[in-house]
Amino acid sequence: MIGLGLLKAMRVTLRNALKTPFTIQYPDRKVGISGAAKNEGKSPVGLIATQPVTAAKAAMSMYSVPVNIPQNRRFRGNEFTWYEDRCTGCASCAKYCPLGIIEIVTSPGGFDVQEGESYAIDVFDIDIGRCMFCGLCVEACPYDALHMGSQFERSKYERDALVIPVDELRQALRQPSSWFRPQFEERDYDPFRDGANDEHHSVGRHEKPDQETLDKRWVEER
Amino acid sequence: MTTQVRTEPITVNLGPQHPSTHGVFRMRVTFDGEEIIDVEPIFGYLHRGSEKLAEERTYVQVVTLTDRMDYVGSMLNNQAYMLAVEKLAGVEPAPRGVWLRMIASELQRIASHLVAVGFLIQDLGAWGTPLIYTMREREKILDLFEMLCGARITNSYLRPGGVFMDAPEEFWPAMNELLDELPPRIDDLDDLLTDNDIIFSRTKGVSILTPEQMIDASITGPMLRAAGVDWDLRHRDPYDYYDQVSFDRPLHTAGDNFARYWVRVQEMRESIKIIRQCEKLIEPGPVRPEHDDVPWLLRPPIGDAYAAIEHSKGELGFYLVSDGSISPYRCHVRAPSLINLTLLRDMLVGELLADMFVSFGSVDINMGEVDR
């Protein structure tokens, strides 16, 4: 019947038109006076009294607050988290990378009683300009030294600046994602809620061996 | 007295970078007035050599390449590839992993059909709004994928013999909430589009393909079912645990653009049914075999294997040849998008200019898969 279908369709459109939009403004959104006052930590009246310029800007919708959208905790972000104390320089990550973008140069001499013999790491460069964030390097790491990060706002003007050098990895904010790290989910660790995790002992799948086992493994057997 | 108007055919080049071509696709179309008299499709602009790249990567690393073939159906691509690897290497999959990948691929099928329906309506000229209605639901499914595997499009979730990690505990309530929410939204789509007289007049009787034509051209998927051929690999040749779940196969007899749209909307409902059953049947346990059984550097015995699944677009098959080393000797993809394009000329010749991209969109192709 001509017309009835159109009316039904119009009903759906009307119902959706009355809803609040589901889109999210990013990276910031414009707020009015009440939102600006909330962001500044004041009451609206207080804001107008103390900061009339800000209040006037907010009234003309020129005041914006940043929007932070928390990702899920398995989110494979692009700031790799690397714990040097756990890394033995085995280069499993470099071997399993489908694109071959991890460069590792090691020199012998390092010694780590807890995790076995290790190498001193001179170069650990990840070229995230070519990285596709598949996470296979993290899956390959036998000592849980490398984790996916949680951040995603890392735009640069040059391609070369996208290579993360080893010094930057050492100083980077450590917010490991729980991609292929079930121990984080067992502990209910959420990088977006709990922030950085710098404690390298607690991020591994393996328990730290007691002194007796270590002596047996590394002293008596040698 | 009638006047004879003499018309001359004009050849128009459309694409490769035309917003309606669903990617980079080029058509050289000859019009007589508004009527199409000849079409020459030209593709290959998105060729990335995925099949060749697979030959120098290990069996696990190839998963990342399959994500990028059909980027609105990554989970389904993963599933087809993993079935081929399992067949080749004789891997016994872990049951919980199989249930999880069935859930993931059915969710992906809904998301893929939502994209197909949304863009079909967009091609009809309903710019924006109906597309956003479908994208809104798709975003929620992609959020679920991010919960599962940390990525929305390039999932790389599956591994030989299962999935890489169990679903997190927050996944199940979120999925149930979505499954409760989806049927009314699909009813909304029905109200908005299926009974709509404007949609009728634009899509019914346009670009009709007969079952004989399609079987000759080995077209599969919703296109074939829209002409009344009951061919669904999930039913005909059940892979994974599809023989343990029950679902209907929506069929339409017309074979025109409307039938193709209708079949996709109904299939979304069936996918929801399948996910509900999977959720009941899934049991705790390991999600992938032990590392000793399926090592990272998988070395399948010398031989070949072909595995096919019912992709949201048709039959997606992977053919792998092993020479006993850590990477496939040859990897061939039977891409449904490419094969479904075979009859493009038959579909378009005789139709009008305005219906050209509607018919093209109703095939539901993905250029990433056509060119690979």
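So you know, we letter chains A, B, ... as the sequences are listed, proteins then strands, and number each from 1. Given the structure is predicted, the values throughout are model-derived calculations rather than measurements.
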Which value, rounded to the nearest 0.5 Å, describes the distance between A/Leu99 atom CG and B/Leu53 atom CG? 9.0 Å
Per-residue tally against chain A (heavy atom, under 4.5 Å) across B/Leu189, B/Ile199, B/Asn155, B/Thr194 peaks at B/Asn155
Applying a criterion of heavy atom separation less than 4.5 Å, what residues of residues 127-135 of chain A form contacts with chain B? A/Met132, A/Cys134
B/Arg57 versus chain A, the contacting section by heavy-atom distance below 4.5 Å: side chain
Does the side chain of A/Cys137 come within less than 4.5 Å of A/Ile102's, by heavy atoms? yes
Give the interface residues of residues 12-20 of chain A toward chain B, defined by a heavy-atom separation under 4.5 Å. A/Val12, A/Thr13, A/Arg15, A/Asn16, A/Lys19
Determine the minimum heavy-atom distance between B/Leu131 and B/Gln122, stating which atoms define it. CD2-OE1, 2.8 Å
Do A/Tyr83 and A/His147 make the cut of ring centroids closer than 6.0 angstrom? yes
Using non-hydrogen atoms only, which part of B/Asp190 is less than 4.5 Å away from chain A: side chain, backbone, both, or neither? neither
Minimum side-chain heavy-atom gap A/Phe124-A/Cys93 below 4.5 Å: yes
Check each atom of B/Tyr133 against the heavy atoms of chain A and say whether the ones under 4.5 Å are side chain, backbone, both or neither. side chain
Starting at CZ of B/Arg264, measure out to NE2 of B/His252 and round the result to the nearest 0.5 Å. 13.0 Å
Chain A: which of B/Ala151, B/Cys149, B/Ser156 shares the most heavy-atom pairs with it under 4.5 Å? B/Cys149
Classify the angle between the aromatic ring planes of A/Phe152 and A/Phe75 as parallel (below 30°), tilted (30 to 60°) or perpendicular (above 60°). perpendicular
Could you grab the distance from atom CG of B/Asn257 to atom CZ of B/Arg202, nearest 0.5 Å is fine? 9.5 Å
Is there a side-chain contact between B/Asp67 and B/Asn78, using heavy atoms and a 4.5 Å cut-off? yes
Which portion of B/Arg152 sits near chain A, non-hydrogen atoms under 4.5 angstrom: neither
Just verifying a value: how many Å separate B/Met165 CE and B/Arg159 CZ, rounded to the nearest 0.5 Å? 11.5 Å
Can you see whether A/Trp179 has A/Arg74 sitting over its ring - NZ or CZ less than 6.0 Å from the centre and within 45° of the normal? no
Which of B/Ile110, B/Leu182, B/Ile186 passes side-chain contact (heavy atoms from CB on, under 4.5 Å) with B/Arg269? Answer is B/Ile186
Will you find, in the side chains of A/Asn72 and B/Asp143, an N or O donor that is under 3.5 Å from an N or O acceptor? no
For B/Glu170, is it the side chain, the backbone, both, or neither that has a heavy atom closer than 4.5 Å to a heavy atom of chain A? side chain
